[in-house]
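Below: one structure, written as structure tokens.
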Amino acid sequence: MYDPDLWWHLAQGRETAAGRLVRTNVFNYLHASYPQAYTPWLFDLGAFAAWRAAGGAGIQAAQAGLLALTFGLTFAACRARGTATSAVLAVMVLGFFVVEPRALPRPHLASFAGLAAVALLVERARARGRAAPLLAAVPVVALWSNLHVEAFVGAGLVGLFAVSEIVRPLALTRREGLRALAIAAGCLAATLANPYGWGI
């Protein structure tokens with residue numbers, strides 16, 4: 001919990017919990033009315049709830065939960081590709097040390113989990129040779145767009161997979177690649193499923 005921005009995130013969450021969705025730079029006394037689309041409102045609301053419930057331990061528990069979810073989804077994505085469990089575990093141990101410096105109580109933790117979830121869905125689509133598993137990416141991106149602005153990365157990953165399968169089909173037919181591209185467009189539209197709309 002050594003990230004100084006935590007207090008700002010908690011203050012933003014406190015405003016949202018009080019029914020005041022932040023739309024201006026309210027904590028800057030010089031420019032408090034400056035328009036501000038603050039997209040990780042849901043992350044901050046959750047962080048504030050965790051803080052009120054258990055203080056610093058609540059924040060750390062929520063942080064650990066998001067990291068565990070990320071690693072669990074990443075493990076499942078690797079296993080969907082058929083990689084041996086021992087190899088996946090070895091890479092994930094290394095991944096833990098790569099992630100550790102960024103394991104701060106900030107909204108990007110939600111992006112770690114969101115990206116792992118979308119990667120798992122891409123791997124399921126690849127394994128089944130159908131675009132249908134990617135449909136679940138639309139609600140994932142919709143939720144993610146309320147947690148962190150990097151929800152666009154999820155839509156981009158689905159789109160990149162779709163385009164690559166249209167250009168050079170390896171896992172999907174071109175027809176399924178076009179379906180995947182339509183789902184990527186749905187993911188892009190899902191980034192609007194937040195109170196700020198185009199603001200993110």
Side-chain angles (χ1 to χ4, degrees), residues 37 39-43 46 63 65-83 85 87-104 106-194 196-200:
T39 56
W41 70 273
L42 188 57
F43 176 89
Q63 179 178 334
L66 279 171
L67 289 169
L69 177 62
T70 298
F71 279 104
L73 291 168
T74 302
F75 179 83
C78 292
R79 291 297 294 136
R81 191 168 275 265
T83 308
T85 301
V88 173
L89 290 174
V91 170
M92 291 187 71
V93 167
L94 177 62
F96 176 84
F97 292 104
V98 171
V99 167
E100 191 277 331
R102 298 289 300 146
L104 301 169
R106 298 185 64 163
H108 69 264
L109 288 181
S111 286
F112 289 168
L115 186 58
V118 172
L120 173 59
L121 295 170
V122 166
E123 286 303 321
R124 286 183 175 168
R126 188 196 62 75
R128 296 178 189 171
R130 302 192 63 223
L134 295 172
L135 287 169
V138 176
V140 167
V141 170
L143 173 62
W144 187 358
S145 73
N146 292 279
L147 296 165
H148 196 227
V149 69
E150 287 176 4
F152 281 106
V153 175
L157 179 59
V158 175
L160 184 62
F161 173 67
V163 169
S164 68
E165 290 298 328
I166 292 167
V167 172
R168 186 172 178 220
L170 294 175
L172 307 180
T173 63
R174 281 200 169 91
R175 183 183 182 99
E176 287 294 315
L178 289 170
R179 287 186 179 137
L181 191 59
I183 293 169
C187 288
L188 192 59
T191 62
L192 299 174
N194 68 78
Y196 297 99
W198 289 105
I200 74 166

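Not measured: the values here are computed from a predicted model.
Of all non-hydrogen atoms in F97 and V93, the two that sit nearest each other are CD1-O, 3.2 Å. Closest non-hydrogen pair, A113 versus L69, comes out as CB-CD2, 4.0 Å. Contact between R102 and F112 at its shortest, heavy atoms only, is CB-CZ, 4.0 Å. A pairwise comparison of heavy atoms in A127 and A80 identifies CB-O, 4.1 Å as the closest pair. When all heavy atoms of A193 and S145 are compared, the closest pair comes out as O-OG, 3.7 Å.
Considering only heavy atoms from C-beta on, L115 comes within 4.5 Å of W144 through its side chain. Contact annotation: the side chain of L172 approaches that of F161 to within less than 4.5 Å [non-hydrogen atoms, C-beta and beyond]. Put simply, the side chain of W41 does not reach to within 4.5 Å of the side chain of L147, judged on heavy atoms.
Atom NE2 of residue H148 and atom NE2 of residue H108 lie 7.5 Å apart, to the nearest 0.5 angstrom. For the atom pair SG of C78 and CG of L73, the computed distance is 11.0 Å after rounding to the nearest 0.5 Å. With rounding to the nearest 0.5 angstrom, the CD1 atom of I166 is 10.0 Å from the OG1 atom of T173. Summarising the geometry, atom CD belonging to E123 is positioned 8.0 Å from atom CG belonging to L120; distances are rounded to the nearest 0.5 Å.
Remark: the backbone N or O of A131 is paired with a side-chain donor or acceptor of E176 at under 3.5 angstrom. A donor-acceptor pair is defined here as one N or O able to donate and one able to accept, closer than 3.5 Å; such a pair exists between the side chain of Q63 and the backbone of A103.
More than 12 heavy-atom neighbours from other residues, nucleotides or ligands sit within 6.0 angstrom of CZ on R79. The environment of CZ in R124 is sparse: at most 12 heavy-atom neighbours from other residues, nucleotides or ligands sit within 6.0 Å.
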Just do the side-chain contact (heavy atoms from CB on, under 4.5 Å) check on L143 and L42 with the steps written out, would you? CA-CA 9 Å; L143 173 62; L42 188 57; 3.8 Å; yes
Start with the C-alpha distance between L67 and F96, add both sets of side-chain angles, then the distance that settles side-chain contact (heavy atoms from CB on, under 4.5 Å), and finish with yes or no. CA-CA 9 Å; L67 289 169; F96 176 84; over 6 Å; no
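Note on residues 149-174: no pairs pass salt bridge (Lys or Arg N to Asp or Glu O under 4.0 Å), not counting sequence neighbours.
Not counting sequence neighbours, R128 has no partner by the side chain to side chain donor-acceptor pair (under 3.5 Å) test.
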Considering only distance and modelled atom types, tabulate donor-acceptor pairs under 3.5 Å from the side chains of residues 133-142, sequence neighbours left out.
none

